[in-house]
Protein chains: 2
Amino acid sequence: MKRRGPRANGGEAREAILQAAREQFATHGYAATTLRAIARAAGVDAALPSYYFGSKNALFVATLQLPVTPGEIIDGLLADGLDGAGERLVRRLLAVWDDPERGAPLIAVLRSAPSHGEAMREFVEREILARFAAAIDAPDATLRAGAVVSQVLGLVTARYVLHIEPLASASHDELAALLGPTLQRYLTG
Amino acid sequence: MKRRGPRANGGEAREAILQAAREQFATHGYAATTLRAIARAAGVDAALPSYYFGSKNALFVATLQLPVTPGEIIDGLLADGLDGAGERLVRRLLAVWDDPERGAPLIAVLRSAPSHGEAMREFVEREILARFAAAIDAPDATLRAGAVVSQVLGLVTARYVLHIEPLASASHDELAALLGPTLQRYLTG
DNA sequence: GTCTATATATGGATAGAC
DNA sequence: GTCTATCCATATATAGAC
């Protein structure tokens with residue numbers, strides 16, 4: 001028996017939808033997430049996601065608006081120099097992705113790679129890989145930056161998308177000790 | 001104007017469907033691939049994929065039947081000892097994945113990770129990670145095996161799914177030189 | 001063995017009542 | 001601002017004609 005009219009708690013259906021969408025996209029990816037499922041999880045009518053955001057894709061984009069972009073994080077990291085950057089990168093990365101608030105949108109993007117592959121390729125090349133390449137001082141800087149991206153991408157995919165053990169529940173210290181030197185070698189080795 | 005009856009070339013609709021399905025699944029992933037698209041690519045009627053394989057999922061499984069399983073490849077690799085295994089692993093890996101015949105099913109699985117995540121997790125842990133862990137002689141063998149998996153997973157995802165440059169078109173020599181030592185350190189470092 | 005026709009289901013989106 | 005009802009497109013799967 002459903003009520004009609006504004007919700008009891010201030011009528012914040014829009015915010016509830018956005019929050020639920022973040023979780024659903026992060027858990028199931030873009031294609032497998034339905035607007036109806038989002039509405040159900042948000043406790044609102046099935047027509048409201050479309051009403052507020054226009055389309056499924058627009059809602060998806062809306063969930064990706066982050067307080068800090070990945071590019072800015074990398075800039076901040078590289079600003080401290082390449083000394084010990086390998087371990088710092090691993091720790092910084094895990095801190096962001098393990099935080100539900102900041103991590104969920106990133107996981108959602110990664111899970112949606114099949115349906116948004118082209119957009120993701122461009123983003124990674126322009127916003128991530130290019131920054132590392134610019135910071136690396138070597139003839140094969142671009143390829144080395146690619147190596148960094150591959151190791152980072154593999155870590156987050158295994159830990160946050162596929163939940164492969166023991167990677168999924170390893171501590172930040174363990175991963176920093178094991179993967180830090182690898183990234184350091186790609187950056188300066 | 002469509003014909004009726006058996007195809008001119010020996011009526012091998014089943015094989016044509018299987019071949020087309022391999023390509024479609026590898027290119028678009030499981031969810032985004034439709035039976036109709038497979039039938040169209042195979043040049044057969046839209047009802048035949050269901051007729052021959054029963055369901056979309058059964059057809060997907062049928063495309064994954066490989067001449068050699070990843071587990072056997074790893075066994076063969078590790079049988080030669082851990083000496084220089086890092087570089088050998090990279091080269092062996094690229095040889096298989098770059099081969100259209102053997103690589104397409106693997107790419108299809110990787111692309112379909114979102115819709116078959118649980119199955120993939122189990123497979124990787126049991127068939128891939130466990131084998132490396134058994135071969136590594138160290139207290140943290142399992143975590144080290146996880147590191148190997150993460151680097152390999154990142155490489156194939158970047159190169160074959162997202163097509164991130166310069167990883168997508170780097171030569172086997174370049175990648176072996178750059179990533180080989182990383183895997184070697186995880187295995188024996 | 002192949003094709004037509006269709007049952008069935010699902011999801012995105014919208015018009016209009018309340 | 002919220003909800004009902006529905007349109008429309010698409011997709012899997014199957015029954016039965018040829």
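Below, chain A is the first sequence line, B the second, and so on; all start at residue 1. Reckoned from all heavy atoms, side chains included, excluding hydrogens, waters and symmetry mates.
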B/F53 CZ to D/dA11 P: how many Å, rounded?
20 Å
Residues in side-chain hydrogen bond (donor to acceptor under 3.5 Å, both in side chains) with A/T188, at least two apart?
A/Q184
Can you list the residues that meet the side-chain hydrogen bond (donor to acceptor under 3.5 Å, both in side chains) rule with B/Q65, with sequence neighbours excluded?
none
Write down the distance between CG (A/D45) and C1' (D/dT6), rounded to a whole number of angstrom.
13 Å
side-chain hydrogen bond (donor to acceptor under 3.5 Å, both in side chains) filter on B/E127, not counting sequence neighbours, yields B/R131
For every nucleotide of nucleotides 8-13 of chain C, 5' to 3': is a protein heavy atom under 4.0 Å from its base (B), only from its sugar-phosphate (S), or from neither (-)?
---BBB
A/T63 side chain vs A/R22 backbone, donor-acceptor pair below 3.5 Å:
no
Compute the bend angle of the helix from C/dG1-D/dC18 to C/dC18-D/dG1 from the end axes (five pairs per end), rounded to 10°.
10°
For A/S171, side-chain hydrogen bond (donor to acceptor under 3.5 Å, both in side chains) partners two or more places apart:
A/E174
Here the ring pair (Phe, Tyr, Trp, His ring centres under 6.0 Å) pairs for residues 130-164 of chain B, sequence neighbours left out, are B/W97-B/Y160
With B/E118 via salt bridge (Lys or Arg N to Asp or Glu O under 4.0 Å) - residues at least two apart
B/R121
Round to the nearest Å and state the distance from B/R40 atom CZ to C/dC3 atom C1'.
17 Å
D/dA17 P sits how many Å from B/Y51 OH, rounded?
16 Å
List the residues meeting salt bridge (Lys or Arg N to Asp or Glu O under 4.0 Å) with A/R88, not counting sequence neighbours, and say none if there are none.
none
Nearest to the B/L48 side chain among C/dT4, D/dG1, C/dT2, which nucleotide is it?
C/dT2
